[in-house]
Amino acid sequence: MSFTVYVPRDAGALSLGAETTAETIASEAQRRELEVQVVRNGSRGLYWLEPLVEVVTPAGRVAYGPVQAGDVAGLFDADFLHGGAHALGHGRTEQIPYLAKQERLTFARVGIVDPRSLADYRAHGGYRGLHNALQLAPAEIVKAVTDSGLRGRGGAAFPTGIKWKTCMDASAAQKYIVCNADEGDSGTYADRMIMEGDPFVLIEGMTIAGLAVGATQGYIYLRCEYPHARDALNAAIATAASAGHLGADILGSGRAFQLEVRMAAGAYICGEETSLLESLEGKRGQVRFKPPLPAIEGLFGQPTVINNVVTLASVPIILDQGGAHYRDFGMGRSRGTLPIQLAGNLRRAGLVEKAFGVTLRELIEDFGGGTFSGRPLKTVQIGGPLGAYIPLSRLDTPIDYEAFAAIGGMLGHGGIVAFDDSVDMAAQARYAMEFCAIESCGKCTPCRIGSTRGVEVIDRLLAGAERTQNEVLLRDLCQTMLHGSLCALGGMAPFPVLSALDHYPEDFSRPA
Amino acid sequence: MKQAEPAASGPLSTTRWLSPENHAAVLAVTARLKDQPGALLPILHGVQQALGHVPEGAIGLIARELNLSRAEVHGVVSFYHFFRTRPGGRQVIHLCRAESCQAMGAVALEAHVKQRLGVDFHETTADGAFTLEPVYCLGNCACSPAMLVDETLHGRVTPASFDAWLKTAREAS
Ligand SMILES: Cc1cc2nc3c(=O)[nH]c(=O)nc-3n(C[C@H](O)[C@H](O)[C@H](O)COP(=O)(O)O)c2cc1C
Ligand code: SF4
Ligand code: FES
């Protein structure tokens, strides 16, 4: 009898020892003369249980975790290959409440399939969206995306259908699809999980985008901090190409789409779309003035759709199930689901894909399980390093773009970083300015100089020098950056600073 | 913006002038990659992969091969945090400084790591074994604090687990 065991190859799982766990399972099986096939899947996103080992049983997949090499022999003794009881056992994976309570559309296959297997992808509904798209006129594809209500998941939440239509309507001999896989926001890792755990869904999404707007070349601009995603993407692209799912004649349709991964080089600003395009062209990543919009004049001056990984990976299910299906999830003008990334000081940090409308409190308390340290929660930062610090009085805010704008926050790429009461908000404010100074592209003064001045003013304030005057100065400086910056790096770096100052003033007036 | 790097301290042969082998290695990379659109970043990655850094001497050569000015190539190299113009240690440690890791003790970890290695960020240990670099998120925020050593990711790093790792890494090298 042969058994199938899943051990993730996701970078996060590897960072906790998954490679050794996988090797130990294989060698222990050999020692016991058992036929065990170890499949390297993506992560289910339950990171406090990683390395999460799953065994295929007639009743479904059964989970054990966290499994370190030292636990493996004991698992075999407990007959885990038949789902036997063990202290690390969690029963059927799908029934773990953290997973059972989610609505996984974009992440439907992540952690389930073998990311290197095109056959597995297809067996789980993959390429049905492209198949449908090939029967449609470009305008019909765009309409499905527009109808779904999908908005960009990279941060700005711009309606994807409108962006695509602009590019579709532009006439040019060459157009491009660019995937923004720079995922620079701290507290975010959804792009990484997709690229490592279900790379074909991104490839399929980009191919559909190409058909929609008439682009034949795609680039994935990938941050160089993600070597595991690079390998997963390159493997999947090679497989898709050799199976005729990419290349000169996609699935025998006569339509062409080529795809290539390009590595970034460690500049946060290159996540900003125009800076990214400069970088892809081989230049310094300096932000461009807009207009022209990239959809009209983008990469190499040609019409270009640039979308985030999660945005593009949400397209196949929309083309498969229809725009209305996706649109039925969500609230208000935030349609569909958001893969939320729980991070920082939480007991159960991990990926939670939920329809818009779930509250911050449900995410932090029910899913996150409160702080990891067990100390009281003090604040959460949402939307990356440029996102505001949210006070506990706002925990009932629903995950919704407009609701967050109304409280001076933003959802961004959906990362939520929790801090316990040991955090010093003045230090966080200082860091926000420091980060802006380090990562500024240098094009405009409020950002380039203002951020450095910001660090200095906060230092003086904390040293206890002329507190009131320095606070006025800091607020002034923030206003200048807010209103005088070309892009959101300088234009939003004041959000964490001002929110810290407004909600946690006591942290700025400690005895020096 | 990346700060200007201090003047090269290593032997000139590794910075200003290229050895014949390195010259050939750079040309091999440019020959392979220069015909693709937007070739400069792929070429710089290729050179850094081959030589461990992008020596000053390679900049003129790359410029010549791409029909760019030295200043343009230099401007690109200096813009990106990832490219180094001086040799680094045998292993590069990227330690995450960003918010999720801060919330899980990264500030104390950073101080510990610097003290243990006896270097600050952007510096290389005296024995040439390790270069320490800051990084702003490794996408491992559900397992903070995080550290990337070359291409190996570590999660939930504590001062104690760092010391254990360092001991093994020193013994291995
Ligand atoms: C400073 C800055 C950094 C950004 N970083 C990213 C990033 O890492 N990934 C991303 O998808 N979008 C990022 N964005 C947003 C992009 O500019 C752009 O809105 C996005 O790629 C569009 O794709 P979408 O509509 O699918 O979200 C950033 C924006 C700014 C201003
Ligand atoms: S705000 Fe900062 S990062 Fe954005 S364009 Fe201006 S200088 Fe560059
Ligand atoms: S903030 Fe450190 S890995 Fe994301």
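What you see below is based on every heavy atom in this structure, not just the backbone, and it leaves out hydrogens, waters and symmetry mates.
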**Item:** Top contributor to chain B interface from Pro385(A), Ala267(A), Gly285(A) [non-hydrogen pairs under 4.5 Å]
**Value:** Gly285(A)
**Segment of Glu434(A) engaging chain B (4.5 angstrom heavy-atom cut-off)** = side chain
**Message:** Please identify, among Ala265(A), Ser186(A), Ala343(A), the residue contributing the most non-hydrogen atom pairs under 4.5 Å to chain B.
**Reply:** Ala265(A)
**Asked** Can you tell me how far CE of Met104(B) sits from OG1 of Thr371(A), rounded to the nearest 0.5 angstrom?
**Response** 9.5 Å
**Asked** Contact part of Gln341(A) toward chain B, heavy-atom cut-off under 4.5 Å: side chain, backbone, both or neither?
**Response** neither
**Message:** Heavy-atom pairs under 4.5 Å with chain A: which of Gly105(B), Cys101(B), Ala103(B), Ala98(B) has the most?
**Reply:** Ala103(B)
**Complete:** Rounded to the nearest 0.5 angstrom, the CG-CE distance for Leu41(B) and Met263(A) is 10.5 Å
**Prompt:** So which of Val135(B), Val73(B), Leu138(B) has the biggest tally of heavy-atom pairs under 4.5 Å with chain A?
**Reply:** Leu138(B)
**Request:** Can you tell which part of Ala229(A) gets under 4.5 Å to a heavy atom of chain B, answering side chain, backbone, both or neither?
**Result:** neither
**Prompt:** Which region of Glu19(A), side chain (C-beta onward) or backbone (N, CA, C, O), has a non-hydrogen atom less than 4.5 Å from a non-hydrogen atom of chain B, or is it both or neither?
**Reply:** neither
**Request:** Report the option among Gln428(A), Arg223(A), Met193(A) that has the most heavy-atom pairs separated by less than 4.5 Å from atoms of chain B.
**Result:** Arg223(A)
**Asked** Looking only at heavy atoms, which two atoms of Phe82(B) and Gly266(A) are closest? And how far apart?
**Response** CB-N, 4.3 Å
**Heavy-atom proximity to chain B below 4.5 Å, by part of Asp185(A)** = backbone
**Request:** Output the option from Gly344(A), Ala11(A), Ala349(A) having the highest count of non-hydrogen pairs under 4.5 Å with chain B.
**Result:** Gly344(A)
**Item:** OH/Tyr98(A): more than 12 non-hydrogen atoms of other groups inside 6.0 Å
**Value:** yes
**Asked** For Cys270(A) and Phe79(B), which heavy atoms make the closest approach, and how far apart are they?
**Response** SG-CE2, 4.3 Å
**Message:** Just so I know, are the side chains of Val417(A) and Cys141(B) near enough to count as touching, which here means a heavy-atom distance under 4.5 Å?
**Reply:** no
**Item:** Side chain to side chain, Arg97(B) and Phe435(A), heavy atoms closer than 4.5 Å
**Value:** no
**Asked** By a 4.5 Å heavy-atom criterion (distance strictly below it), what part of Glu281(A) contacts chain B: side chain, backbone, both, or neither?
**Response** backbone
**Asked** By a 4.5 Å heavy-atom criterion (distance strictly below it), what part of Pro42(B) contacts chain A: side chain, backbone, both, or neither?
**Response** side chain
**Message:** Given heavy-atom pairs under 4.5 angstrom as the criterion, report whether the side chain, backbone, both or neither of Ile269(A) touches chain B.
**Reply:** side chain
**Prompt:** With chain B, which of Gly17(A), Ala264(A), Ala190(A), Gly45(A) has the greatest number of heavy-atom pairs at distances under 4.5 Å?
**Reply:** Ala264(A)
**Item:** Tyr268(A) and Tyr136(B) aromatic centres sub-6.0 Å
**Value:** no
**Asked** Of the non-hydrogen atoms in Gly184(A) and Cys137(B), which two are nearest, and what is the gap between them?
**Response** O-CB, 4.2 Å
**Request:** Write down the atom of Tyr80(B), the atom of Arg284(A), and the distance for their closest heavy-atom approach.
**Result:** OH-C, 3.7 Å
**Request:** Using a 4.5 Å cut-off on heavy atoms from C-beta on, say whether the side chain of His45(B) contacts that of Cys224(A).
**Result:** yes
**Asked** Which distance, rounded to the nearest 0.5 Å, do you find between the OH of Tyr47(A) and the CZ of Arg156(B)?
**Response** 10.5 Å
**Asked** What heavy-atom pair brings Arg262(A) and Gly38(B) nearest, and what distance separates the two atoms?
**Response** NH1-O, 3.1 Å
**Request:** Enter the distance from Ser100(B):OG to Leu342(A):CG here, rounded to the nearest 0.5 Å.
**Result:** 10.5 Å
**Message:** On a heavy-atom basis, which atom in Tyr189(A) and which in Ala142(B) lie closest, and how many Å separate them?
**Reply:** OH-CB, 3.6 Å
**Complete:** Assert top hit (heavy-atom pairs under 4.5 Å, partner chain A, pool Gly139(B), Pro134(B), Gly155(B), Ser144(B)) equals Gly139(B)
**Asked** Is it the side chain or the backbone of Val76(B) that comes within 4.5 Å of chain A heavy atoms, both, or neither?
**Response** both
**Item:** Part of Ala432(A) within contact of chain B (heavy atom distance under 4.5 Å)
**Value:** neither
**More than 12 heavy atoms of other groups within 6.0 Å of Glu171(B) CD** = yes
**Request:** Please tell me if the side chains of Pro37(B) and Tyr176(A) come closer than 4.5 Å, counting only heavy atoms from C-beta onward.
**Result:** no
**Message:** Using heavy-atom distances under 4.5 Å, tell me whether Arg348(A) contacts chain B through its side chain, its backbone, both, or neither.
**Reply:** neither
**Message:** Is any side-chain heavy atom of Ile438(A) closer than 4.5 Å to one of His81(B)?
**Reply:** yes
**Request:** Could you look at Leu148(B) and say if it's the side chain, the backbone, both or neither that has a heavy atom under 4.5 Å from chain A?
**Result:** side chain
**Complete:** If one checks every heavy atom of Ser373(A) against chain B at 4.5 Å, the contacting part turns out to be neither
**Asked** Just wondering, do Leu153(B) and His228(A) contact through their side chains at under 4.5 Å, heavy atoms?
**Response** yes
**Among Pro496(A), Gly12(A), Ser15(A), residue most engaged with chain B (heavy-atom pairs, under 4.5 Å)** = Ser15(A)
